[in-house]
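Working notes for the structure below.
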Amino acid sequence: MMVIYEAKDYKDLSRKAANIVSAQVIMKPNCVLGLATGSSPEGMYAQLVDWYNKGDVDFSRVKSVNLDEYRGLSRENEQSYYYFMHKHLFDKVNIDANNTYLPNGLAEDPDEECRRYDALIESLNGVDLQLLGMGHNGHIGFNEPGDCFDKGTHCVDLQPSTIEANKRFFASEDDVPRQAYTMGIGTIMKAKKILVIVSGADKAEILKKALYGPITPQVPASVLQMHSDVIVIADEAALSAIK
Ligand code: GLP
C-alpha cells in the first residue's frame, strides 16, 4: 500500500518526514534505519537533531545503513556520503557511531565490498524503515535507469545526467566520481517500510511517472508501486503534475 502526504513546502515536508522517523524510533528503539543523502532529506535531519536536543527522540540503540556511497572518495572528503551523514546527523545526536554503516568508498575490491555490505544488512536482520530521495531520472539510491532491476548492492557507472545534477556539490564536474556503490532494488524492496521524500517542481514529472506510470527499470522508483508499505511525502511543487 502506498500513502501520499502532501506537504505545503520544504519545511513542512521535512517535519512530516521527521515525524515518521521519530515514530519508528519510538516504536522500536533498536530499529535499523536505512538512510539517504542528497538535499531532499537535509531538512528532515535538521528537524530530528532539533527534537533530539529537546529530549524528544533517543538514537542510542538505533542502527543505520546508508543507501549509497561514491566510489573513490575517502571518509574525510566533504562530498562523501560518510561525511554528509556525520555532519547532518551522526555527530549531532546520540547514535553510536559503531552502529552506523555505509559502503566503503575506498574498498579495493568492489565485488567484495558489495558482498560485505549485503551480508552486513542481512546480519542486522534487514531494514525497518528505508528513507529514499528520488533523482530526476527516477533513480533511487544510485540505481540508475536500465534494462533490469538490480537485486543486491552493486557498483554502478553514474549517468551523465546524475553527474550533471550532483556537480553542484563539487568544485568542478571533473571532480564528480564516475562510480558509486548502491544498495540494489532488491535490497531496498526488502525494507519493512519505505519513506520517500520528494521536493520541488523539477521533480514533478518524474514523481508522476514513478507513482502512476508503468513499473519499469527505466524508471527505477516505479518499482515502489509493488511494495506493501510505502509513505510518500512530497511538497505541492513536486505534486503539481499529478493533480
Ligand atoms: C543522489 C543520491 C540519491 C538522491 C538523489 C536526489 O544522486 N544518490 O540518494 O536521492 O540523488 O538528490 P537530491 O535530493 O539532492 O535531489
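Numbering of ligands and ligand atoms starts at 1, following listing order. Computed from a predicted model, the values in this text were never measured in an experiment.
In summary, the side chains of Tyr82 and Asn104 do not present any donor paired with an acceptor at a separation below 3.5 Å, with no hydrogens or angles considered. A side-chain donor from one of Asp58 and Asn94 sits under 3.5 Å from a side-chain acceptor of the other.
Within the structure, the salt bridge (charged side-chain N to carboxylate O under 4.0 Å, His left out) test picks out the following pairs touching residues 115-135 (sequence neighbours left out): Lys28-Asp128, Glu113-Arg116, Asp128-Lys192.
Contacts of ligand 1 (protein heavy-atom distance under 4.0 Å) are Gly38, Ser39, Ser40, Asp68, Tyr81, Gly133, Met134, His139, Gly141, Phe142, Asn166, Arg168, Lys203.
Residues meeting the ring-ring contact (aromatic ring centres under 6.0 Å, His included) test with Phe149, sequence neighbours left out: none.
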Considering only distance and modelled atom types, tabulate donor-acceptor pairs under 3.5 Å from the side chains of residues 43-50, sequence neighbours left out.
residue, atom, partner, partner atom, Å
Tyr45, OH, Ala36, N, 3.3
Tyr45, OH, Ala36, O, 2.7
Asp50, OD2, Lys54, NZ, 3.4

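Around CG of Asp147, the count of heavy atoms belonging to other residues, nucleotides or ligands within 6.0 Å does not exceed 12.
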